[in-house]
There are 2 protein chains.
Amino acid sequence: MPASTRQIIERCRMFSRLAPDQLDRLVGMAQRREFERRRLIFRQDAPCPGLFVLGDGRVRIYNLAPSGKEHVLRLVGPGGTFAEVAAIGGFACPASAEAMQPTTCALLPADPFKQALTDDHELCLGLLVGMAMWVRHFVVLLEDIVLRDAISRVAHYLLDTAGDQADEVVLPAMKRHLASHLNLTSETLSRTLRRLDETGLIEQADGRHIHITDIESLRQVADGMFPEI
Amino acid sequence: MPASTRQIIERCRMFSRLAPDQLDRLVGMAQRREFERRRLIFRQDAPCPGLFVLGDGRVRIYNLAPSGKEHVLRLVGPGGTFAEVAAIGGFACPASAEAMQPTTCALLPADPFKQALTDDHELCLGLLVGMAMWVRHFVVLLEDIVLRDAISRVAHYLLDTAGDQADEVVLPAMKRHLASHLNLTSETLSRTLRRLDETGLIEQADGRHIHITDIESLRQVADGMFPEI
DNA sequence: CGAATACTTGAAATTATTCAAGGGCCGTGG
DNA sequence: CCACGGCCCTTGAATAATTTCAAGTATTCG
């Protein structure tokens, strides 16, 4: 059963602190948008249509270099948002977005949304805090790419994606997109996972599932100490 | 003549849209902080003391990997702010900060500043927009590092730093810090600048000053087309 | 002026990429 | 139900970009 536009907005983490009538206002301006698998949602440098709230499906935010190389900036899942920054700042989309699966979104158009921000202090405050969290996540990604080598990056990603308790990782995208996100080629990611598997730190069940078998050692690898065997 | 704490806050780009009484409130909570050259302002993972507004001097925001490698995340000049994100989000400093020159700041302590954000809608809105700009700049940096090779990165940095009209670049930090910012070693930066100089796209006057002699070609280099000579 | 630090340059080493080819999974259609 | 074609993933070998190491020169600060 597909989520209603209201449900999409209510379930969004960015809006979890809002009061009912504030939510109402957002629901009032929201436009429902559906995308089939592989459909382009918006293109880099196009005017930003507004803030997208993701209900079902998955979206890949990516950038293309003139050379043709692609970088996956974010992988957004249900409850997440995208194009927030461009919608708020009023500039063009800094990246492209594509639906990786059949996807349902609520679109909060840029102008009414900015008006709501101007009128509604709570909304503004909530978004500010939400954005701060987002920036931190982003800084971590940058530092990962710059300060860690391939194997540390992959180890850190697995630990981060598994969450605090779990030792089971479900990869949220094709490996070549994950690789691009971590600034690796898919070949390097493949080789790196094999090394981690061969040294007994993880087990690659099927293509999408990875089991962490030695979390302590994996943490050491993430911190730059690969145990020489 | 050193700027007063009030002047520091009035001249800050982030607060340029604020009305006088809103500025007053910030000035009221501000603490003046001075740092000598090379002095650590705060350390990565320490509790965030608040939002720093930079009056005079220069500050380097950087991160250290366990391996010892350093990455310069930002170079902040007069009128800029730092530690905004941690102050707003209420988490620990994601990086360290060091004064590169004798530096004067106004510190807006985290708790009163957050209170001001809660009370003052204009302030909140201004900061939200300011932060959106900052995120965009940051995304550009990440895409630079990931999608461009060394020579394109340097060319792009020079064009960006020169501004729209000017063809004169004044480097805001030691070359090894610039190199780290662009995720290069200082050796690679040195070699890259020499290549650009030898091909006649730039002229290295003295250590700190670079003159752009062929802006069109430099743009092409930034877009990944290095003219094979 | 002198010591410390920053910058440049060349040669060697290394990591990750590129190129090339084979294997595996999945959905479609017979 | 099985065969076919397409795409994704894996693996190995060769390549290339950047780093590291080492040494010398220039600059800056006290």
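Residue numbers begin at 1 in each chain, while the letters A, B, ... track the order of the sequences.
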Does B/Val169 offer a backbone N or O that forms a donor-acceptor pair with the side chain of B/Thr161 under 3.5 Å?
no

Could you work out, with salt bridge (Lys or Arg N to Asp or Glu O under 4.0 Å) as the rule, every residue matching A/Glu34, not counting sequence neighbours?
A/Arg32

Can you give one letter per nucleotide of nucleotides 12-19 of chain D, 5' to 3': B if a protein heavy atom sits under 4.0 Å from the base, S if only from the sugar-phosphate, - if neither?
BB----SB

Are A/Arg60 and A/Tyr62 in a cation-pi setup, meaning NZ or CZ lies under 6.0 angstrom from the ring centre and within 45 degrees of the ring axis?
yes

B/Arg219 and B/Glu216 ion-paired at < 4.0 Å
yes

Taking atom P of C/dC25 as reference, at what distance in whole Å does atom CG of A/Asp206 sit?
10 Å

Closest non-hydrogen contact found for B/Ile145 with B/Leu182 is CG1-O, 4.2 Å

Measure the distance from CG on B/Leu147 to C1' on C/dT17 and round it to the nearest whole Å.
15 Å

Could you give the CE-to-C1' distance, from B/Met100 to C/dA6, as a whole number of Å?
15 Å

According to the interplanar angle, ranging from 0 to 90°, do the rings of A/His181 and A/His71 count as parallel (below 30°), tilted (30 to 60°) or perpendicular (above 60°)?
parallel

Could you check how far NZ of B/Lys175 sits from C1' of D/dT28, rounded to whole Å?
14 Å

Side-chain (A/Ser96) to main-chain (A/Gln44) donor-acceptor, under 3.5 angstrom
yes

Between atom CZ in B/Arg176 and atom C1' in D/dT20, what is the gap in whole Å?
16 Å

A/Phe52 and A/Phe82 aromatic ring geometry - parallel, tilted or perpendicular at 30°/60° bounds
parallel

Nearest-angstrom distance from the residue atom CG of B/Leu189 to P of C/dT8:
7 Å

Is the cationic atom of A/Arg136 (NZ for Lys, CZ for Arg) positioned less than 6.0 Å from the six-membered ring centroid of B/Phe91 and within 45 degrees of its normal?
yes

I need the NE2-C1' distance between B/His177 and C/dC7, as an integer number of Å.
13 Å

Which one, D/dT10, C/dC7, C/dA6, comes nearest to the side chain of B/Arg38?
C/dA6

Measure NE2/A/His209 against P/C/dC25 and give the value in whole Å, please.
14 Å

Would you write out the dot-bracket form of DNA chain D, 5' to 3', with Watson-Crick and G-U pairs under 3.5 Å, [ ] for crossing pairs, | for pairs to other strands and . for unpaired bases?
|||||||.||||||||||||||||||||||

